2 protein chains.
Amino acid sequence: MSAGPLPTIHEVARLAGVSVATVSKTLNRSGKVSELLQARVNAAARKLGYAPHASARSLRSGATRILGLLVADLANPYFLKLVESIEWLSSAAGYSVILCNSAEDPGREERHLAMLLSQRADGVIVIPTRRGWSGRQAALADLPMPGILVDRRIEGLDLDSVTTDNVALGRLAAEHLDDLGHRRIAVIMGSPEHQIARHRLDGLRSGLASRGITLDERLIEKDNFSEAAGHAAAMRLLRHAQRPTAIFATNNHLSLGLLRAIAESGLTIPDDLSVIAVDEPPWAGLVRPGMTIVTQPSEAIAQTTVSTLLSRVSEGRSGVEGEARSIQLQPALVVRGSTAAVRT
Amino acid sequence: MSAGPLPTIHEVARLAGVSVATVSKTLNRSGKVSELLQARVNAAARKLGYAPHASARSLRSGATRILGLLVADLANPYFLKLVESIEWLSSAAGYSVILCNSAEDPGREERHLAMLLSQRADGVIVIPTRRGWSGRQAALADLPMPGILVDRRIEGLDLDSVTTDNVALGRLAAEHLDDLGHRRIAVIMGSPEHQIARHRLDGLRSGLASRGITLDERLIEKDNFSEAAGHAAAMRLLRHAQRPTAIFATNNHLSLGLLRAIAESGLTIPDDLSVIAVDEPPWAGLVRPGMTIVTQPSEAIAQTTVSTLLSRVSEGRSGVEGEARSIQLQPALVVRGSTAAVRT
DNA sequence: TGGTCTTAGTTAAACGTTTTTCTAATGAAG
DNA sequence: CTTCATTAGAAAAACGTTTAACTAAGACCA
C-alpha cells in the first residue's frame, strides 16, 4: 500500500515508444509484433510493474476469467475437499474463483447467484442447498452463463451435473456386509426427503436383496443429518432387543455421532459391532481398528466438473442447448478394521 | 443459460423513457430523482432482469467490491473456520470474496497475489505461508490496496495484522496443568522455526516458570506440523523412562497424531495421561472424556479482520501510512475431561 | 418584469482495455 | 517503373458504467 495510481497500458506504450495496440498484442501474444518491439514492451511493462486492469479487460473482451463457486455448506468436509480441488484446478486453468457459502440457506444462495450474475462470472459451479429449490430452478436455468451442479442434482432442472452414483455406493456397502455374513444390518440414513440419502438406502436394500437378504425396515433410522441425530439414532439401535451386528452411517456427521455413541456404550469395534461409513473423515485415524468406508471420488468429481464447465465456457454461450450432460462417478470400498465377520 | 445478451443500462433507460444517468442515479440511490421516474426505472429494470455489469461499474468507479482471501492452507480446520466467517461477514458488507489457497506454497501465493492485483481487489486478507517470505515482503508491502495479515505475522513487514496472543495461550495451558499438579509436562511443538509454535512454547515455559516450575527441555518434541510427526513424537514421549503426566500439543494435526498414538498404546485419558490441545477439532466429541483445549477466538479474529480492512478501504488509498495496527486477541481455556489431577 | 437560485433531468466525457480498421512501408511480380 | 500483396504497426472505436458539466424550467425576490 505504497505506490500511487497503477500504471496503465498507455504508460507502458509511451515508455516503450509504441502504440497501446502493440503493447496489448505483445502481452497477450496475439497478432504479430517484431522481436525488437516485444522486447521493448516487455522491458517497459516489467519496469513499471504493469498489471493489466481485469475490469477493463473483461469489459472489452466479454470474458472475466472468473468462476463462481456456490457451496451449500463449507463446514461439510466432503464439500471442502471439492472446494479445494476445484480451486486448484481452476487456478491452474487461469481462472479465479469467487467463493460463496450458502450455509444451506436458499436465500443466501439466491443472493449469491445474483451477485455472480452481476459479476459476469464465466461459469458457475453449484453445490445446491438441500431445500428451497422447488420454485427457484428458474434462477439457475435462466443464468446467461454455463452452470454445473455438483454432488446434488435438482429434479426437473436441465443442467449439466456431476454426482456420485449413490445407489452403487449403497450396493457396495451391502455386498461387503453380506460377504462378512451380516444379516441384522442397521442404517442411519439422515433425512428421508434427501435424494442422496434415499439413493444410498435404495442401493443398500437392492444390494442385499440381490443376495437374498431382506433389510429390516425397523432398523432404518431416519431423522436429519446432524451429529446429534446420528448419536440419538445410534443409541436407539444399540438398546434394541436384538442389537444389529452392523451399522451403515450414510454421512460424515452421522458416523461421528455413531462412533461417539458406541464409545459411550463401552462397546468394541468390530468385536461387538461392525461399522461402515461414507467418506474419509479427517479423524478416521482415531478409530482404532481403522474405518471401513465407501468413498466418493472427490478428486475425479472436481476434475470432471471443472473440465466440463470449462468446455461449455469455450463452446461459447451459443452452446447447443437442451442436451445437459449428467455424469455419475463410481464410489469405492475401502476395507479397514471396523468391519469383521459376524460372530457365530 | 438461455437468454441472449444481457440488457444494459441503455435498454433500461429506453424502456423507462429516461436518460442512462437517471437510471444510474436511481439504482444507486445517488443524486435526486423524482418518485415518478424512480418507479418507472425500477419497473423497467425489473422487467428486463437488469443486472449491472460489475466490470463496467468498477472500471469507472475505481472500486470492485471484491476482497481477496489468500489462505495458507485450506485443509487446516482453524483456517477453514476463519474463511467461513470472513466470507460471511464480507458478503454481509456487500463484498465478494475471491478465494485463493496457497497450500503452503510460496510460489502459488505469489501468483495469487499478482492475480488479485490485476483483479484490483479493494482489499486483501492474507493468512501467509509459513516460509518463503524472507525476500518477498515487497510483494505485500507494495500492494496498492489495503492488506491485512491474519493468524501469522511476517517479521519486518509493516502491515495491519490480527493474531491470537499465542504467549497467553501457552500460559493458559501452563496454569491449568499446574493447577492440576502436573510437573512432568511434555510439549509437541511442531517446527521450532515457526513463530507461533515458539510463542506458544514460550508462554507455556514462562507460565510454568512463574509458578516456580522448570520445563524439562528433553520433553520438548520438535519436528514439523504433520499428523505423522505428532504421532512419532508422542510415541517417543510415551516410551520415555519416566513418562510425562501431561502432554500439550500445539496444533490440530499434532494432537490428532498424539491421540492416535495414545489409543495404540492402550493408555487411558486422563487416568494414565492428561492431554491438552489447541482449538476445537471437529472430532473433539470422539475423545471420550472430552478434550480440554485452549481455543483461539476465531469469530472475533474474523470480525476484527474484516472490519479493520474495510475501514482501511473506506479511508481510501490515501490512508495515513506507517501506523500499522497490530491487534492481538485473547485465547480461552475450555476444561473438559482429558485433563485431570495428577495421580499421587 | 427581469434577474438570480434551485432543481430535475440530460449530455457527454472518462475509466483501461481489446480489436477492428486504417496506413505506410516493403517486396515481389509484371 | 508500376502495380499489387503482404505486413508491422498506429489510430480509433467500442465495451457499460459513473459522474462532472450543462440545460431548461420554475420559484422567488426586488
Side-chain angles (χ1 to χ4, degrees), chain A residues 4-42 44-45 48-66 115 117-122 144-145 317, chain B residues 4-42 44-45 48-66 115 117-122 144-145 317:
Chain A
L6 291 173
T8 74
I9 200 174
H10 287 96
E11 333 212 25
V12 177
R14 184 163 346 124
L15 180 58
V18 300
S19 74
V20 293
T22 303
V23 176
S24 176
K25 283 174 186 159
T26 303
L27 264 30
N28 297 317
R29 291 168 177 65
S30 67
K32 311 241 156 236
V33 181
S34 70
E35 295 285 336
L36 173 66
L37 290 198
Q38 286 202 26
R40 290 229 305 265
V41 167
N42 287 325
L48 293 177
Y50 171 71
H53 193 301
S55 296
R57 185 203 292 259
S58 50
L59 174 58
R60 171 65 223 218
S61 71
T64 54
R65 302 205 72 93
I66 285 182
M115 180 273 288
L117 171 59
S118 243
Q119 215 60 250
R120 299 295 193 274
D122 286 343
M145 65 278 272
R317 62 200 57 234
Chain B
L6 292 172
T8 73
I9 200 174
H10 287 96
E11 333 211 23
V12 177
R14 183 164 346 125
L15 181 58
V18 301
S19 74
V20 294
T22 303
V23 177
S24 176
K25 283 174 185 157
T26 304
L27 266 29
N28 296 317
R29 290 167 177 67
S30 67
K32 312 241 155 234
V33 181
S34 70
E35 295 285 336
L36 174 66
L37 289 199
Q38 286 202 28
R40 291 228 307 264
V41 166
N42 287 324
L48 293 177
Y50 171 70
H53 194 301
S55 296
R57 185 203 291 259
S58 50
L59 174 59
R60 171 63 222 218
S61 72
T64 54
R65 302 205 72 92
I66 284 181
M115 181 272 289
L117 171 58
S118 242
Q119 215 61 250
R120 300 294 194 274
D122 286 342
M145 64 277 273
R317 62 201 57 237

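If you're wondering where the values come from, they're calculated on a predicted model, not measured in any experiment. So that the names make sense, note that chain A is the first sequence line, chain B the second, and so on, each numbered from 1.
The distance from atom CD of Q38(A) to atom C1' of dT7(D) is 15 Å, rounded to the nearest whole Å. In this structure, R40(A) places its CZ atom 12 Å from C1' of dG9(D), rounding to the nearest Å. Following rounding to the nearest Å, E35(B) (CD) and dG9(C) (C1') show an atom-to-atom distance of 16 Å.
Atom CG in L6(A) sits 9.5 Å away from atom CD in E11(A) (nearest 0.5 Å). Taking CG of L48(A) as the start and CZ of R14(A) as the end, the distance is 9.5 Å to the nearest 0.5 Å. Expressed to the nearest 0.5 Å, how far NE2 of H10(A) lies from CG of L15(A) amounts to 14.5 Å. Taken from OG1 in T22(B) to CG in L27(B), the straight-line distance is 11.0 Å, to the nearest 0.5 Å.
Here the side chains of N28(A) and R57(A) are in contact, with some heavy-atom distance below 4.5 Å.
One finds no side-chain N or O of S30(A) lying less than 4.0 angstrom from the OP1 or OP2 phosphate oxygen of dT18(C).
Of all the heavy atoms in Q38(A) and V33(A), the pair that sits closest is NE2-O, 3.1 Å.
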Can you give one letter per nucleotide of nucleotides 11-17 of chain D, going 5' to 3': B for a protein heavy atom under 4.0 Å from the base, S for sugar-phosphate only, - for none?
B-BBBBB
